[in-house]
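Not measured: the values here are computed from a predicted model.
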Amino acid sequence: MRKVLKADSLFFYIIISLLWMEVIFRVSVMIQSFSFDIVISCVFLLSFAFLFFFLCSFFNRKAGFFLSVCLLALSSFIYASQFIYFKFFKTYYSLYSASNGGQIVEFWRDIAVFAGEHSIVLFLFFAPVLFLVVFGKKMLVFKSCSTVNKLSVACCMLFAHVTGIAAVYAGGKAQNSAYDLYFKNSYSQLSVERLGLLTTMRLDLQRLITGWSPEVELAVPHGSKYIPATPPSESLKENPNEREASGKIVEYNTLDIDFAKFAANEKNQQLKEMHQYFEQVQPTAKNKYTGKYKGYNLILITAEGFSPYAVHKDVTPTLYKLVNNGYRFTNFYNPLWGVSTSDGEYVACTGLIPKSGVWSFKQSGKNYLPFVMGNQLQKQNYKTMAFHDHSYTYYGRNVSHPNMGYEYKAVGNGLDVKKTWPESDLEMMEKTIPEYIDNQPFHTYYMTVSGHMQYSFTGNYIAYKNKNLVQNLPYSEQAKAYIATQVELDRALKYLLDQLEEAGIADKTLIALSPDHYPYGLDMKTINELAGHPVEKNFELYKSTFILYSKGMKPTTVKKPISSLDIIPTISNLLGLKYDSRLLMGQDIFSNTKPLVIFSNKSFITERGRYNSVTNQFISNNGKTVSKDYIKKMSAIVEEKFYYSAKILETDYYRRILAEN
């Protein structure tokens, strides 16, 4: 028995090492699940241990030792790097992101500081490989195995893998279950929790190589006509306009697209299903706000790290003015997606849900995007420009932004601002406004950067610059540093408003501003401090502020639950543009369509309440029980939106049906 244990000592060391890393990782990122998911993760880790041992069994003592060190070092690096990435961005990187991740080098100072602060945790990740290097040759056996033994190890590896899959099936097939995440959908944060980090990374690699995309349960089998979760009224199928009981004609925001004809002539089954799906989507009706700002200049801003915590009457008076003197949206949500800022921009600029595992915005750079503001307003003879006060190529904006119909300028390509970290939004406004303000009508898009983490007075130039303006606030240093970064955005907006006023066009310019994501660079205790209470993490954490303002407008409160997905259809309706509401995943805020706010984990908010997809709980607004059929129907609609939004990106769908229009 002792000889057997010694012969297999390398295998036991590998499995103990992997389990050690997984436990440290779960504790360090505060995964609190200790249910059946742990069993699934451990079984899959067992298959990895057999794989590593199998690979080492082909080599002699010296080569086997070297390979075992390399495999454990790679595992340690994966755990450590994902730990750092999660702490920075509150999500996990995909292999696609890693392959495009040279830009993260720009954060090397922050990473170095962070690594120093968490050196003990990082040491624990690398402890098994360090121990192996120092003591491995003395304590473990490294040798080439016989063919029989190799086959035995391979069988054990296969058995462990099959057992893991069986455990996945045993857990049920509900939304966000281990089964759902393993076979049908991709959501890294839950996948890491329910399948383990290495299995999540392995699935990511498989999907990247095969070009996999998420699946959706169709209402009927493939080959039959698509039946949506919520079919439109019969009259709408016959006539794009409907007559109300009063006799008034109701018009819809649709284009003249014969989806039925496209479906009839389509041989590709996937595209046929898409045509059938969009034919059945209920469009939004035109309303009293349709064309309210027709012909206005439009300034659209995605503000880095902006949140309600940045709005202070005395410290950020311009933000306070815009929030309270425009449309006041009391239930606006800004979900965090997989690629943080880039996905946040993608949602706000396209009205589509990002595809998991890729950089959707960069991917869209080769697609036809008729509904983004740049392309829509360029057709209306607007001057269309876009600016970003950081690197021109960051997140592939040099690909995505010109494709949206913009003359795009950023640092390194036409925008010369002082090289600091982060750069100044105020300086960006000062340098760029003269380029368009005398060319009306104009549409300008800004992606700001001054609000970027880390939030400290030592590592953030903008926070240090505005430190004296926040010193008297009754908050912690991190909270004050965050607000100091938002002071720069406030000053930039004041300068913008002053220039519009001086040009005499303030009352003919519509300003729309939304965050890219909540300020995840803040510690949770700081967020709770700024909120004044413990913030609920599945919904409230993403509750934010959307600014929609024009000088002289009557302040209006909108209580309807909305999200950043609704920005493009809303602005399109306000400007009286021709667009097809069926082809966007959000909806016009001012329409009578029932609200639907969608989160990245497929939780949702409707007029009836909130559904938490992680806990499978529905919290009703009025305390009344909601039927399971309603939850099932709404979950199906959410699934469809994720699926068909990804398909629009993958298939360049708009080009197929609209390029000739």
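- Between Phe59 and Phe142, a ring centre-to-centre spacing not shorter than 6.0 Å is recorded.
- Residues Asp425 and Val449 are in side-chain contact: their nearest non-hydrogen atoms beyond the backbone lie under 4.5 Å apart.
- In this structure, His517 has its ring center no closer than 6.0 Å to that of Trp337.
- Note that CZ of Phe306 and OG1 of Thr545 are 5.0 Å apart. Values are rounded to the nearest 0.5 Å.
- With ring centers used as reference points, His118 lies under 6.0 Å from Phe83.
- Side-chain atoms of Tyr461 and Glu423 include no donor-acceptor pair closer than 3.5 Å.
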Do Glu345 and Tyr445 pass the side chain to side chain donor-acceptor pair (under 3.5 Å) test, and can you show the C-alpha distance, the side-chain angles, and the key distance before you say yes or no? CA-CA 11 Å; Glu345 265 196 288; Tyr445 173 70; 2.6 Å; yes
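- For Phe457 against Ala484, the heavy-atom pair with the smallest separation is CE2-CB, 4.1 Å.
- Shortest non-hydrogen contact noted between Val535 and Glu540 is CA-OE1, 3.6 Å.
- Remark: the Ser307 side chain and the Tyr482 side chain contain an N/O donor-acceptor pair separated by less than 3.5 Å.
- The environment of Lys525 atom NZ is sparse: at most 12 non-hydrogen atoms of other residues, nucleotides or ligands sit within 6.0 angstrom.
- Between Tyr394 and His390, the ring planes lie perpendicular to each other; the angle is over 60°, past the 30° to 60° tilted range.
- Under the 30°/60° scheme for interplanar angles, the aromatic rings of Phe86 and Tyr92 are found to lie parallel.
- In this view, Val153 and Phe50, Phe53, Phe54 satisfy the side chain to side chain contact (heavy atoms under 4.5 Å, CB included) rule, not counting sequence neighbours.
- Residues Glu529 and Gln478 bring no donor and acceptor atom of their side chains to less than 3.5 Å of each other.
- Interatomic distance, CG of Leu541 versus CE of Met524, reported as 5.0 Å (0.5 Å rounding).
- For the pair Asn403/Val399, no side-chain contact is recorded, criterion being any heavy-atom separation below 4.5 Å from C-beta on.
- Between Tyr182 and His161, the ring planes lie tilted relative to each other; the angle falls in the 30° to 60° range.
- Taking CG from Leu122 and OG from Ser28, the interatomic distance works out to 9.0 Å, rounded to the nearest 0.5 Å.
- At most 12 non-hydrogen atoms from other residues, nucleotides or ligands lie less than 6.0 angstrom from CZ of Phe123.
- Ring centroid separation for the pair Tyr408 and His388 does not come in under the 6.0 Å cut-off.
- Closest of all the heavy-atom pairs between Gly451 and Gln486 is CA-NE2, 3.4 Å.
- Note that OG of Ser635 is 4.0 Å distant from CZ of Phe604, once rounded to the nearest 0.5 Å.
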Ser75 vs Phe48, side-chain contact (heavy atoms from CB on, under 4.5 Å): CA-CA, chis, key distance, verdict: CA-CA 10 Å; Ser75 302; Phe48 274 103; over 6 Å; no
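- Classification of Lys465 and Glu488 as a salt-bridged pair holds, one side-chain N sitting under 4.0 Å from a carboxylate O.
- Rounded to the nearest 0.5 Å, atoms NZ (Lys90) and CG (Leu522) are 8.5 Å apart.
- Scanning all heavy atoms of the two residues, the minimum distance from Ser57 to Lys150 falls at O-CE, 3.5 Å.
- The aromatic ring centres of Tyr542 and Tyr333 sit 6.0 Å or more apart.
- Remark: of the listed residues Asn612, Asn176, Asn538, Asn538 is the sole one forming a side chain to side chain donor-acceptor pair (under 3.5 Å) with Asn601.
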Between Ser213 and Lys647, is the side chain to side chain donor-acceptor pair (under 3.5 Å) condition met? List the steps. CA-CA 8 Å; Ser213 62; Lys647 292 302 175 187; 2.7 Å; yes
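- Ring centers of Phe88 and Tyr93: at least 6.0 Å apart, outside the cut-off.
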Stepwise side chain to side chain donor-acceptor pair (under 3.5 Å) test for Tyr395 and Ser340: CA-CA 10 Å; Tyr395 278 130; Ser340 58; 3.3 Å; yes
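- The closest side-chain heavy-atom distance from Asn185 to Gln175 is not below 4.5 Å.
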Should Phe361 and Arg397 be marked as a side-chain contact (heavy atoms from CB on, under 4.5 Å) after you check the CA-CA gap, both sets of side-chain angles, and the distance that decides it? CA-CA 8 Å; Phe361 221 160; Arg397 291 188 179 99; over 6 Å; no
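- In terms of heavy atoms, Ser47 sits closest to Met157 at O-CG, 3.6 Å.
- Here Phe131 pairs with Tyr13, Phe135, Met139 under the side chain to side chain contact (heavy atoms under 4.5 Å, CB included) rule; sequence neighbours left out.
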Any chance you could lay out the side-chain contact (heavy atoms from CB on, under 4.5 Å) test for Phe642 and Ile598, step after step, and finish with the verdict? CA-CA 9 Å; Phe642 270 84; Ile598 299 172; 3.4 Å; yes
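- Taken to the nearest 0.5 Å, the OG atom of Ser177 stands 5.0 Å off from the CG atom of Asp180.
- For Tyr464, the OH atom is loosely surrounded, since the number of other residues' heavy atoms within 6.0 Å does not exceed 12.
- No side-chain heavy atom of Trp20 sits less than 4.5 Å from a side-chain heavy atom of Tyr79.
- For the pair Lys467/Lys480, no side-chain contact is recorded, criterion being any heavy-atom separation below 4.5 Å from C-beta on.
- A donor-acceptor contact under 3.5 angstrom links the side chains of Ser97 and Ser94, judged on distance only.
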Stepwise side-chain contact (heavy atoms from CB on, under 4.5 Å) test for Tyr392 and His401: CA-CA 10 Å; Tyr392 172 63; His401 286 39; over 6 Å; no
Set out, in order, the CA-CA distance, both residues' side-chain angles and the distance that settles salt bridge (Lys or Arg N to Asp or Glu O under 4.0 Å) for Glu22 and Arg26, then state yes or no. CA-CA 6 Å; Glu22 181 75 16; Arg26 284 175 174 268; 3.0 Å; yes
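- Ring-plane geometry between Trp359 and Tyr96 is classed as perpendicular, the angle between the planes exceeding 60 degrees on a 0 to 90 degree scale with a lower cut at 30.
- When all heavy atoms of Thr485 and Ala463 are compared, the pair lying nearest together is CG2-CB, 4.0 Å.
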